[in-house]
Amino acid sequence: MTDQANIEPQPDAGQDDNIVLRTIGLGKSFGKLKAVSDLNLELRRGEVFGFLGPNGAGKSTTVGMILGLIAPTAGSIELFGHKLNDNRWAALRRVGAIIEEPAFYPYLSGWDNLVMLARAIGGVPRAKITDVLERVNLLDRARDRYSHYSMGMKQRLGIASTLLRDPELIILDEPANGLDPAGTLEVRDLIPQLAHENRAVFLCSHLLHEVELVCDRVAIIKGGIILTCAPVKELLERGPLLQIKVDDPARVAAVLAGLPWIRSVKREDNYLIVDASKESPSRVNKALAEHNIFVSELVGRSISLEGVFLELTGGESGD
Amino acid sequence: MIRLISAELFKLRKRSMTRILLWVLLGMTVLFYLLLFAIVQANVSLPNPSAAEGMQNALGLPNAVPFALNVLSAFGTVLAIILAASAIGSEYNWRTIRVMLTSSESRFKLLSSKLISVVILTLIGMVVGLFGGFIMSLITTAIGGYAFDFTFATDEYLWDQFLQFWRTFSVLVPYMLLGFLFAIAGRSVMPGIALGIGILFLEGFFTFFMILAGGWIARIPDYLLSVNVDAITALNDLPQGFGGGGPMGGGFSSQAPEISHAFIVLAGYSLVFIVLAFYLFQKRDVTG
């Protein structure tokens, strides 16, 4: 058996060094069920990428495929410019991940869990274990048994374990799960820091507010299909939405739907929520007046990532 | 690979279950010796006089090693199944399998390192059990006032015991791999232990009835595990009534298979179990 640990894959000529992860037409079917279809993603160094979706959307399957735990049935994955299957270990050695939830040996202490992982990975100095535990504020409880840790401490140990191999790509699945507000704040501060260290962070989370605060780009997935993939700023600029109150919402909705510059119209009780792109409210008002429709209320509504998410996923929760 | 073995040994060494298994093995050995000693000392009249003589001989120093190996092949098999099933099954129960897979060079190397670690610990357990048996034999010899005569320990004797040590190990291997395979197939510790031990005991019963049935059915057990295990453990030169220390105590088969046949059958089963275990581990997706 050859030791592949020291074989670092060299990017192909003309390959963009900044791209750490690329999925090309990635798909996975479990029998007749298509869990993920034609997934095309690209993740760059220094970027925090949010991966959002409701339950069963295909997030964990995607992460599983990226980490070589689940075999794709279509497409391919490139890590650091090389196909994952070509040199799995050389690529995965540069990836740190928490999948779904931190999982460690309950009878070992936090310290021993990291010692064991360091042995398995190889080439991790003991001082690194101290460093990573210090970074997640767990050094003083490092000798306690993992089974005695609170959920927040388990999460922190999970983050510490991802940093053990000094990864260039970090995959975090719900890293703020079980953390108290102070812990959540720490993680929120830590994630951009990690990205500033020239790493890429792939963040799966249902805390949309947190994602909005830390992510540069997000992809929203539902039913295994990417609904949108764009910079957070761009998604938030889709608005502002207009909230219109009229006497006959059905007629107004039909009129608005016929206007080419209106992107969407959604009814909420007696209100219509109108995505008029970047058009001014006065243009909407004028267009309605031309049809002898006079609004009793027309207000701007700012859009949040949560709003975008709920709109795209049809109101399903992101848990 | 070496670092993966080191990580696996670190985990198993730190796990209290490993130490408990070792203590159980030692406890069983001690208990067995004490029971025999008590029976011999009580001078219980047994229907078969040669059995009583056999018991007395089993406690003697020349039989210390073969007797301990016999105890090991009986109880050690159960403990080896538990150890092997736990080594891989716990990874699924604790969901650490994903962590280990992303921290290992390949699935093949991870599984190999687990298997090698289990083998190392089983061998250590056997040595400790053997040592315990020898100590107990020294104690019963001293208490019973028997002679401390080591003239039996000739080169030939030592070589024979060395071979018997490996023969005993060879009868543990298929059952150990069976537990390992079922833990992988069931993605949990319990299927490994339950089915491994279940087959270990139930096979003995089925063998018994198949031999009773006679004809071609009586030959089927020759291609199963227990009869072949008995054939190998019977090579242990023990007093009458102690031979064939297979898991069910042996002695069902009136006509034991050839030794070479027994080794081939056990090796064949081991190969099938190991290939299936690796195939399942390599091919299956690791999900939630």
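So that the names make sense, note that chain A is the first sequence line, chain B the second, and so on, each numbered from 1.
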Closest heavy-atom contact between A/Arg88 and B/Glu105? NH1-O, 3.0 Å

Count the heavy-atom pairs under 4.5 Å between each of A/Ala71, A/Gly64, A/Ser60 and chain B, then report the option with the highest count. A/Ala71

For A/Ala120 and B/Met100, work out which heavy atoms get closest and say how close. CB-CE, 4.1 Å

So which atom in B/Arg3 and which in A/Ile121 form the shortest heavy-atom distance, rounded to 0.1 Å? NE-O, 3.1 Å

Closest approach of A/Leu108 to B/Lys11 (non-hydrogen atoms, all atoms of both residues): CD1-CG, 4.5 Å

Which portion of A/Asp112 sits near chain B, non-hydrogen atoms under 4.5 angstrom: both

Please walk me through it: do B/Ser103 and A/Arg93 pass side-chain contact (heavy atoms from CB on, under 4.5 Å)? CA-CA 7 Å; B/Ser103 304; A/Arg93 208 181 179 284; over 6 Å; no

Minimum heavy-atom separation for B/Val286 to A/Ile70, with atom names? O-CG1, 3.7 Å

Residues, nucleotides or ligands: over 12 heavy atoms within 6.0 Å of A/Lys128 NZ: yes

Largest heavy-atom contact set with chain B, pairs under 4.5 Å, which of A/Ala118, A/Pro102, A/Gly96, A/Gly122: A/Gly122

Turns out that what part of A/Leu117 lies under 4.5 Å from chain B's heavy atoms comes down to side chain

Using a cut-off of under 4.5 Å on heavy-atom pairs, state which of B/Ala7, B/Ser113, B/Ser90 scores highest against chain A. B/Ala7

Validation row: B/Ser106, A/Trp89 side chains within 4.5 angstrom (heavy atoms): no

Could you look at B/Glu8 and say if it's the side chain, the backbone, both or neither that has a heavy atom under 4.5 Å from chain A? neither

In this structure, NZ of A/Lys28 is separated from CG of B/Asp285 (nearest 0.5 Å) by 3.5 Å

Tell me the closest heavy-atom pair linking B/Lys14 and A/Tyr107, and the distance in Å. O-CD1, 3.7 Å

Would you please classify the geometry between the B/Trp94 ring and the A/Tyr105 ring as parallel, tilted or perpendicular, with 30° and 60° separating the classes? perpendicular

Taking the side chain as C-beta and beyond, is there a heavy-atom pair between A/Leu69 and B/Thr102 under 4.5 Å? yes

